[in-house]
Q: 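The following block contains the structure, expressed as structure tokens.
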Amino acid sequence: MCSEIVKSVCPHDCPSVCPVEVEKLNSQMIGKVNGSKDNPFTNGLVCGKVARYAERIHHEDRLLYPLKRVGAKGRGKFERISWDDAYREIAERLNQTEQVFGAEAIWPFYYAGTMGHVMRDGINRLTHAKGYSQMQGTYCVALSGPGWEAGIGSKRGPNVLEMEKSDLIVIWGLNAVSSQIHLMTHALKGVKNGAKLVVVDPYKNKTADKAHLHLAVRPGTDGALACAVMHVLFKEGFADFDYLEKYTDCPTEFEQHLKDKTPEWAEEITGVPAHTIEAFARLYGSTKKSFLRVGHGMTRSRNGAHNMHAVSCLPAITGAWAHEGGGALYGQGDLAKLDMTMIKGTDVAKPDVRTLDQSRIGEILCGRTEALAGGPQVKALFIQNTNPLSVAPNSEAVRQGFARDDLFTIVHEQFMTETAKYADIVLPATMFLEHDDLYTASAHGTLQVGKKVVDAPGECKSNHEVLCELAKRLGADHEGFDQTALELVEETLQVSGYPTVDDLVEKTGHDLYPDFETSHFINGFDTPDKKFHFKPDWAALGPKGKDMPIFPDHWDVIDEKTDEKPFRLITPPSQNFLNSTFTETKTSRIKERCPEVLIHTRIMRKMGLVDGDLIRIGNERGSVLLNAIGVKGQHEDTVVIEGIWPADSFIEGRGINSLTSSEPGYPNNGAVFHDTSVWLRVDEV
Ligand SMILES: Nc1nc2c(c(=O)[nH]1)N[C@H]1C(S)=C(S)[C@@H](COP(=O)(O)OP(=O)(O)OC[C@H]3O[C@@H](n4cnc5c(=O)[nH]c(N)nc54)[C@H](O)[C@@H]3O)O[C@H]1N2
Ligand SMILES: Nc1nc2c(c(=O)[nH]1)N[C@H]1C(S)=C(S)[C@@H](COP(=O)(O)OP(=O)(O)OC[C@H]3O[C@@H](n4cnc5c(=O)[nH]c(N)nc54)[C@H](O)[C@@H]3O)O[C@H]1N2
Ligand SMILES: [Mo]
């Protein structure tokens with residue numbers, strides 16, 4: 001039989017959410033995955049990991065049947081059971097837990113393994129219908145989101161395609177080449193047309209490698225850098241006072257505040273030479289067509305939201321917002337405004353149910369009172385779409401919690417992840433090409449539907465199917481449990497005022513972009529007074545907002561280096577993994593080699609190290625042993641470990657998050673993956 005090309009949408013946790021064209025070989029097999037040319041943002045390009053998706057979907061290690069644990073927790077010893085037995089045991093244990101300890105002792109836990117709204121967010125319907133403990137998702141955007149909204153008021157902005165017309169493109173805290181290749185292609189189009197590219201990042205990543213100017217800022221000090229740049233903008237006449245007067249809350253007071261934030265002051269804090277700060281400010285101030293693209297990376301610090309806000313102030317000083325090819329973008333997440341009632345079951349949410357912070361899962365499972373939000377111990381976990389043993393901070397506490405004998409854990413997964421190994425019951429999950437779903441993207445403004453392409457292997461079931469069957473057995477009532485995934489998508493589109501599923505598939509999505517005036521905030525920002533806020537209402541953005549500085553500054557609440565821990569560690573994404581996903585595929589593993597720490601060559605020399613030597617890196621939470629690689633282009637006190645490798649890839653079996661802290665950021669929690677002071681040590685042999 002001849003193969004056919006079928007449309008779909010990449011579901012992975014990436015801003016691009018690519019429309020793809022899948023070579024369907026037969027009802028069970030796929031060949032190559034290509035990007036669709038119908039979307040101007042992704043424009044036919046798909047990342048290497050997804051082009052090779054056949055390697056993941058037809059992987060020999062895929063989970064195919066429900067499993068029940070037979071060995072000790074974490075050992076990964078299981079026996080096959082039937083779906084009926086799995087459902088029966090889960091229902092019995094959860095109902096029993098609810099009776100004895102109350103519904104809040106059960107915690108449905110999820111994140112963004114798939115970004116499809118039905119398969120990712122549907123678990124909330126079960127949570128709400130039963131009154132189980134709710135979850136605040138804080139791994140990823142809990143710091144960057146409020147930081148951006150503080151000044152602008154909502155998550156949207158100019159179309160990245162405008163970069164073609166920009167004179168200056170600034171990529172701040174975002175490794176586009178690795179984590180959002182399409183952004184890089186648009187930035188490079190701008191460069192081809194004459195734009196300068198500036199990258200602000202603690203290390204010379206693949207994106208900084210392509211820049212005209214790289215500012216190697218020390219992690220967690222972007223607030224100081226932004227303030228010094230704005231100091232120069234005001235001092236050297238680059239501020240647009242007409243724009244400031246019309247569009248911002250308190251320009252005169254802010255200018256006054258910046259008076260002592262000199263480049264020399266910032267050099268001390270950021271490690272970026274004063275003359276480089278001045279050069280960047282002059283470049284930024286000399287054009288209105290400056291496109292600033294901010295990433296989440298710079299915000300994974302205790303002061304991350306504060307720093308994001310400081311950086312987002314730049315285009316308000318020069319008035320770049322008002323020009324095509326100018327302004328700033330964090331994401332387009334607020335464009336779709338979907339009515340999620342049916343998918344999330346928010347209409348049946350019970351009042352006064354506690355909400356637990358996802359990134360504190362270690363402390364929560366270990367029973368620390370302050371983490372339990374006034375409720376009972378967690379006695380049962382139902383997990384879909386996330387691998388907390390790998391990805392959550394303070395992973396040794398997470399491991400201890402998961403090892404508890406009195407904790408009943410269900411993990412619905414595609415592979416036997418580190419987390420699944422700790423489950424009592426493991427359920428096999430479908431992949432995106434085996435189910436239907438609805439997708440929005442943060443990097444572009446296209447709403448999309450991906451329909452099932454091939455049959456699932458073995459006995460895999462989708463998240464939605466499992467939720468519907470469990471709802472029946474647990475007595476959870478909601479209309480959403482009586483619909484198929486496709487019916488839920490159709491209804492959500494209809495009540496949100498969008499075209500039908502068939503329309504969206506046929507047209508490769510629905511364009512959500514507003515007109516130029518709206519996307520550039522020409523009619524005002526999305527704050528209550530329509531002004532950009534240099535002085536945000538932080539208290540309105542989270543309970544800890546009242547403790548934050550009033551104006552952008554260097555806010556020294558980070559885990560700064562000390563004599564004992566003289567280095568600052570960041571742990572950014574690698575190109576061939578996606579968080580902990582794709583660590584199972586052979587090609588990605590080969591390309592990434594092994595866990596490595598990037599250390600400045602001068603430090604390597606001082607410590608008598610050559611590339612490939614083993615080094616121990618640690619702090620009060622623990623240590624990991626891995627290979628050192630000497631690099632230039634970062635501050636001497638910065639060390640970098642890319643990727644979320646499974647713990648067993650490290651020599652001693654402890655993963656990178658055994659070093660990161662689960663202390664929440666400001667104003668509304670958020671994991672601080674790039675805010676860790678550490679020591680380096682060469683072990684005696
Ligand atoms: N290949 C690949 N793609 C991915 C992912 C992946 O793991 N692999 N992850 C996906 C996910 S979940 C997300 S949220 C996005 C994230 O994508 P981004 O928005 O790019 O954010 P991060 O990837 O966390 O951080 C990227 C950069 O931030 C830098 N950084 C760290 N600390 C600081 C700081 O204090 N200041 C500044 N200026 N920069 C800092 C890091 O050095 C790194 O180069 O990417 C998605 N895409
Ligand atoms: N040190 C460090 N840690 C980090 C980060 C960092 O930069 N540094 N980044 C953080 C960020 S930004 C994020 S977003 C988190 C991401 O954390 P996670 O959301 O946990 O991301 P993944 O590691 O990709 O794990 C998702 C899991 O979902 C499974 N999955 C995929 N699709 C489905 C499905 O349809 N059904 C079911 N049941 N399962 C599915 C996959 O097999 C995979 O094991 O990690 C965070 N952790
Ligand atoms: Mo993320």
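Order of appearance sets the numbers: ligands from 1, and atoms from 1 within every ligand.
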Q: Between Thr440 and His117, is there a side-chain donor-acceptor contact under 3.5 Å, judged purely by atom types and distance?
A: yes

Q: Using a strict cut-off of 4.0 Å, indicate which atoms of ligand 2 neighbour a heavy atom of Arg300.
A: 12 (S)

Q: Pick one of side chain, backbone, both or neither for how Arg56 approaches ligand 2, counting any non-hydrogen atom pair under 4.0 Å.
A: side chain

Q: Classify the contact between Gln180 and ligand 1 as side chain, backbone, both or neither, using a heavy-atom distance cut-off of under 4.0 Å.
A: neither

Q: Please check if any side-chain donor atom of Glu413 sits under 3.5 Å from a side-chain acceptor atom of Asn387, or the reverse.
A: no

Q: May I ask you to decide whether Arg399 forms a salt bridge with Glu396, counting only side-chain N to carboxylate O separations under 4.0 Å?
A: yes

Q: Heavy atoms only: which of Ile644, Asp222, Val294 lies closest to atom 34 (C) of ligand 1?
A: Asp222

Q: Could you identify the single nearest non-hydrogen protein atom to atom 19 (O) of ligand 1 and state the distance to 0.1 Å?
A: His296 N, 2.9 Å

Q: Looking at atom 45 (O) of ligand 1, what's its closest protein heavy atom, distance included?
A: Ser179 CB, 3.4 Å

Q: Do His186 and Phe291 make the cut of ring centroids closer than 6.0 angstrom?
A: no

Q: Tell me which protein heavy atom sits closest to atom 32 (N) of ligand 1, plus the residue, atom name and distance to 0.1 Å.
A: Gly297 O, 3.3 Å

Q: Under a 4.0 Å threshold between the charged nitrogen and the carboxylate oxygen, would Asp675 count as salt-bridged to Arg568?
A: yes

Q: Between Thr676 and Asp559, is there a side-chain donor-acceptor contact under 3.5 Å, judged purely by atom types and distance?
A: no

Q: May I ask whether Lys461 has any heavy atom positioned less than 4.0 angstrom from an atom of ligand 2?
A: no

Q: Measure from atom 13 (C) of ligand 2 to every heavy atom in Thr583, Asn579, Leu659 and give the option owning the shortest one.
A: Asn579

Q: Around atom 26 (C) of ligand 1, find the nearest protein heavy atom and jot down its residue, atom name and distance.
A: Asn175 N, 3.6 Å

Q: Of the listed options (His464, Glu413, Gln414), which comes nearest to atom 43 (C) of ligand 2 when hydrogens are ignored and any heavy atom counts?
A: Glu413

Q: What protein heavy atom sits nearest atom 8 (N) of ligand 1, and how far away is it?
A: Phe577 O, 2.6 Å

Q: Would you mind telling me which of Pro219, Pro572, Pro202 makes a side chain to side chain contact (heavy atoms under 4.5 Å, CB included) with Val640?
A: Pro572

Q: Look at atom 33 (C) of ligand 1 and find which of Pro573, Pro202, Ala112 reaches it with the closest heavy atom.
A: Pro202

Q: Once you restrict to heavy atoms under 4.0 Å, what part of Met431 touches ligand 2? Side chain, backbone, both or neither.
A: neither

Q: List the closest protein heavy-atom neighbour of atom 10 (C) of ligand 1: residue, atom name, distance to the nearest 0.1 Å.
A: Asp13 O, 3.0 Å

Q: Assess whether side-chain contact (heavy atoms from CB on, under 4.5 Å) is satisfied between Leu626 and Phe650, documenting all intermediate values.
A: CA-CA 7 Å; Leu626 74 175; Phe650 286 80; 3.9 Å; yes

Q: Considering only the protein, which heavy-atom contact is closest to atom 35 (O) of ligand 1, and what is its distance?
A: Gly220 N, 2.7 Å

Q: For Thr221, which part has a heavy atom under 4.0 Å from ligand 1: side chain, backbone, both, or neither?
A: neither

Q: Classify the ring geometry between Tyr111 and Tyr139 as parallel (under 30°), tilted (30 to 60°) or perpendicular (over 60°).
A: perpendicular

Q: Can the ring centres of Tyr53 and Phe432 be said to be less than 6.0 Å apart?
A: yes

Q: Is it the side chain (CB and beyond), the backbone, both or neither of His674 that lies under 4.0 Å from ligand 1, heavy atoms counted?
A: side chain

Q: When you look for heavy atoms under 4.0 Å from ligand 2, do you find them on the side chain of Met119, its backbone, both, or neither?
A: neither

Q: Among all the protein's non-hydrogen atoms, which is closest to atom 27 (C) of ligand 1, and how far away is it?
A: Asp201 OD2, 3.4 Å

Q: Tell me the protein heavy atom at minimum distance from atom 23 (O) of ligand 2, and give that distance in Å.
A: Ser580 OG, 2.4 Å

